[in-house]
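To start, the structure under review is shown below, and the notes come after it.
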There are 2 protein chains.
Amino acid sequence: MRILSELEGVAVGIITKHQPCTAYALRKELKDSPSSHWRGSAGAIYPLLERLEKEKLITTSADSSDGRGRRLLSVTTAGKQALRSWMRALNDNNRIAEVFDPLRTRVFFLDSLSRKEQLEFAEQTLSALESYLESTRIHLEDRPGNDLFGYLGARGGTLNAENRLEFIREVLHHLRKNNGGGGNRSG
Amino acid sequence: MRILSELEGVAVGIITKHQPCTAYALRKELKDSPSSHWRGSAGAIYPLLERLEKEKLITTSADSSDGRGRRLLSVTTAGKQALRSWMRALNDNNRIAEVFDPLRTRVFFLDSLSRKEQLEFAEQTLSALESYLESTRIHLEDRPGNDLFGYLGARGGTLNAENRLEFIREVLHHLRKNNGGGGNRSG
DNA sequence: TCCATCATGTAAACAGTTACATGATTGC
DNA sequence: GCAATCATGTAACTGTTTACATGATGGA
């Protein structure tokens, strides 16, 4: 059995938690997640679910009581197995380094901004991160108390936001310290 | 002018730092980055560079002294401008939340593993993260001392690795505390 | 001379986005 | 009755990956 892609793994994981649930609910969870990367777009989710169903990792059953043609998703035993393989593939394939942070990426290229723009960039990012951190905290508090791993995952989001805030503060500190040098003067 | 995609922004940023440089050097920097998401694959980079050249954000000049048909890349004034717009788009478009971490993603679904597998997962991840952290530290030390933003970007990678290590330790702590409950017994 | 690295590129496949399209249900 | 949300899906496009393909250079 092939290893699931990231989005497929997440999808099977979410369905496992909420089954039986609709594709719409799955999309909503992806969209509403404070730190997300995926849009939960219909064009990604529906073909993905078709794929998973064809491979018998999920089953769908039509809900005849619903006029909207609602279909309820559940994970099969093979699907649970695939989820476990996907979990383990993180360490088996050394994918631990596959992180992505659009802020850190940009810090490498701060040189391309004028000094004034650098400070603006850092200050705006700082304030955006402060509200983002707050949203991860709200998300964390709004969870049901009995779901340890849901809590830990969300807790990871908050820890990460705190870490990035600390990082941008460090950047700002360096920018203010070097108050004469650096920076492109073309701004 | 359209806003550059993430990989395009990174590419223009790297070329700006090293110009004039070859596409190969750009690909190498992407491949060798300790925390990367992008493979620097030929099929991504060459079409991307064609695109940027067509839009006059970069120029290429053939190096006639090189038998391999080496082409040297440089960023134009319009390219520098595009890089600045891309930098600012982080805050203008509220993309600060677009982070991705395959470890955190999986923690949400630890429930799908048996208790033994959960511990294995966390312990293996912990040790993988320890060596990853070490590699980010080496990367940080190996930088030229005069490049502040290169230093800060790499420093962000180390901070992030430390943060994730702290996170997995917290997860492990919870797993060990709850030593009877939780976990799928089907392992 | 051989091998690792430098150097460029193409083709097929796959994944994900935006935009479009339709219709039912629920609460005000 | 109207609007927000629930619910499913398709089409065109874009970007990225893997695999393939070729050849030059430099050092042991």
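First the proteins, then the strands, lettered A, B, ... as listed; each starts at 1.
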(request) Taking B/Ser36 for its side chain and B/Ser33 for its backbone only, find out whether a donor-acceptor pair lies under 3.5 Å. (result) no

(request) With DNA chain C as reference, determine whether A/Ala42 or A/Glu8 sits nearer its 5' end, using the nearest nucleotide of each. (result) A/Glu8

(request) Please tell me which of A/Trp38 and B/Tyr46 maps to the more 5' nucleotide of DNA chain C, matching each residue to the nucleotide holding its nearest heavy atom. (result)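 The residue mapped nearer the 5' terminus is B/Tyr46.
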
(request) Answer with yes or no whether the hydrophobic clustering places A/Val171 together with B/Leu140; edges join I, L, V, M, F, W, Y residues whose side-chain heavy atoms lie under 4.5 Å apart. (result) yes

Spacing between [X] atom [atom1] and [N] atom [atom2], to the nearest angstrom:
X	N	atom1	atom2	value
B/Glu98	C/dT17	CD	P	10 Å
A/Leu26	D/dG9	CG	P	13 Å
B/His37	D/dT16	NE2	P	8 Å
A/Phe100	C/dG16	CZ	C1'	14 Å
A/Arg39	D/dT14	CZ	C1'	14 Å
B/Glu29	C/dT5	CD	P	18 Å
B/Ile45	D/dA19	CD1	P	18 Å
B/Ile3	C/dT18	CD1	P	15 Å

Does [X] put a side-chain nitrogen or oxygen below 4.0 Å from OP1 or OP2 of [N]?
X	N	answer
B/Ser5	D/dG15	no
A/Tyr24	D/dT8	no
A/Ser41	C/dT18	no
A/Arg70	D/dA7	yes
B/Arg51	D/dG15	yes

Salt bridge check: are [X] and [Y] linked by an N-O gap of less than 4.0 Å?
X	Y	value
A/Arg164	A/Glu170	no
A/Asp32	A/Lys28	yes
A/Glu29	A/Lys17	no

(message) Side chain of B/Glu50, heavy atoms from C-beta onward: which of C/dT10, C/dT8, C/dC6 has the nearest atom to it?
(response) C/dT10

Heavy atoms under 4.0 Å, any strand shown: does [X] hit a base, just sugar-phosphate, or nothing?
X	result
B/Arg71	sugar-phosphate
B/Ala25	nothing
A/Gly69	sugar-phosphate

